[in-house]
Amino acid sequence: MRGHGTYVDEEKLVASVAGAVERVNKLVCVTPLKTRYNGEVGDIVVGRITEVQQKRWKVETNSRLDSVLLLSSMNLPGGELRRRSAEDELAMRDYLQEGDLISAEVQSVFSDGAVSLHTRSLKYGKLGQGVLVQVSPSLVKRQKTHFHDLPCGASVILGNNGFIWIYPTPEQKDEEAGGFTTNLEPVPLSDREVISRLRNCVVALVTQKLMLFDTSILYCYEASLPHQIKDILKPEVMEEIVLETRQKLLDLEG
Amino acid sequence: MASVVLSDAEKLYIIHGVQEDLRVDGRGCEDYRCAEVETDVVSNTSGSARVKLGHTDILVGVKAEMGTPKLEKPDEGYLEFFVDCSANATPEFEGRGGEELGTEIASTLYRIFSSEGSVDLKSLCINPGEHCWVLYVDVLLLECGGNLFDAISITVKAALFNTRIPKVRVLEDEEGSKEIELSDDPYDCIRLNVEDVPCIVTLNKIGYRHVVDATLQEEACSLASLLIAITSKGALTCMKKIGKGSLDPESIFEMMETGKKVGKSLHASLQKVLDEEESLGTTRQKVGFLG
């Protein structure tokens, strides 16, 4: 039986996109390597606000249509549970402006493919200081959790839509804030070095088409330590580091 | 210019990073990204070059044609620049969107090359007052990843280095009419001396410091930039300020000094790469657009 990404040509099943074949019982689908993000319920995404509309925000998530974040799906600061009033509507821009980055979860998918997001948990919300890397969604591995506090000293959010957010690990978890108060203090130099190195490692892994998950990023970070941060992006060094990472991952499996 | 939207926290992170001389990708304030230079990529031009500086991709083709010299300079040839910002680079350039940027870049290039001694225009003369070589330099923007002016000037220099102008002889008949004869050997050509061709170095002011070779994100954090044209010997030929912010005169001096230092090393490494490529000769494996 033919699934997405295939077509029948003279009684033969042919792939219409370049990608990996997935077989579920008798269903054959081809998932493309380079594609826009297709939302699925429960995915974690990192998005950028593009518009502030009447009762919702439009969020850019590298998909075919802009995603939607309804005001009612947003956590109010202080964690209160109440009806959204007209004052809340007028104060929308105080919470999220155009250009802000948020982490959210996919609540539902509309019939045209547009995704509806929600931030109804204290771990989601507006993102503060850090670095964003945009990669192809097919390179982010599906895992149980996408929020990782790496032992090297920084944290990373692997959005299913291909937006990778690398940021300094916050000291204490602010439970009450719910992610609305941005820490605007300068980030110390040691944390910056870790973040820059992680960013270059992610770019190196993506250039060599390796799947992104916490273990691969960590191995790549360790393999890159002998080199200077800015040298990681040189083609020769990139190949060497990713080769070492690939070897370590194979040893881990085998 | 293509721009990205950034959140305030991201901009703050970048500005603080520049203050401590550690940019987002680990570079210092005076480091350039990895650049790939390849010449002779387009077969039907007299000279061509392609430069990839991070995400910025520029292609330049030079065509040499015969024309009449300008009235005020009858014994010199001249250069004509045309910049095409293709919609490939960003959707903003679709239709006539890229025209404004294209004319701005072209006028900057005209200004830089109008200074005496950048290119030996007298070598382009065939018959004073009647015939001369006109070099049409076409710049094509394939991808926009920040720092356009630097990448374009590097590519133009590499393309001019690669340009081969056929040798011509002028024969005079008994009646006095002149005939132009092209030499039979297709490899018999004159090369341009690009030693004094300047390269542009853009210095963007971010916070209290300035950076060289800014990415799109860093350009979004900078309010004012200084564009200087430096020759390989470190001489400054042209200066232009862009951006809506203001620059302090002391910081302009600092930026000029940094620009001269960076420009000299840029020229040195570019010349090394061009000479290396030249030494490989015709057996060189061309990557072109397939790599």
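Quick caveat, the model's predicted, so the values are computed rather than measured. Residue numbers start from 1 in every chain, and the chains themselves are labelled A, B, ... in the order their sequence lines are given, proteins ahead of strands.
Inspection of non-hydrogen atoms places A:Arg199, A:Asn200, A:Ile229 of residues 198-229 of chain A under 4.5 Å from chain B.
A donor-acceptor contact closer than 3.5 angstrom is absent between the side chains of B:Thr231 and B:His267.
Neither the backbone nor the side chain of A:Glu60 has a heavy atom closer than 4.5 Å to any heavy atom of chain B.
Ion pairing between a basic and an acidic side chain is recognised when a charged N comes within 4.0 Å of a carboxylate O; B:Asp213 and B:Arg33 show such pairing. In summary, B:Glu277 and B:Lys272 do not engage in a salt bridge, as defined by a charged side-chain N under 4.0 Å from a carboxylate O. Looking at A:Arg93 and A:Glu98, a side-chain N of the basic residue comes within less than 4.0 Å of a carboxylate O on the acidic one, giving a salt bridge. Taking the charged nitrogens against the carboxylate oxygens, A:Asp112 and A:Arg64 have no contact shorter than 4.0 Å, which rules out a salt bridge.
More than 12 heavy atoms of other residues, nucleotides or ligands sit less than 6.0 Å from atom CD of A:Glu236.
Your options are B:Glu10, B:Arg27, B:Glu20, and the one with the most heavy-atom pairs under 4.5 Å with chain A is B:Glu10. In terms of non-hydrogen atom pairs under 4.5 Å with chain B, the most contact-rich of A:Leu189, A:Leu233, A:Val187 is A:Leu189. Ranking B:Leu12, B:Asp25, B:Val5, B:Asp31 against chain A, the residue ahead of the rest is B:Asp25, based on heavy-atom pairs under 4.5 Å. Of all the listed residues (A:Leu132, A:Asp231, A:Leu184), the one sharing the greatest number of non-hydrogen pairs under 4.5 Å with chain B is A:Leu184.
A cation-pi arrangement, defined by a distance under 6.0 Å to the six-membered ring centre and an angle within 45 degrees of its axis, is present between A:Arg192 and B:Tyr13.
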query = Stepwise, does the salt bridge (charged side-chain N to carboxylate O under 4.0 Å, His left out) test hold for A:Arg56 with A:Glu89?
reply = CA-CA 9 Å; A:Arg56 58 198 195 165; A:Glu89 232 181 289; over 6 Å; no
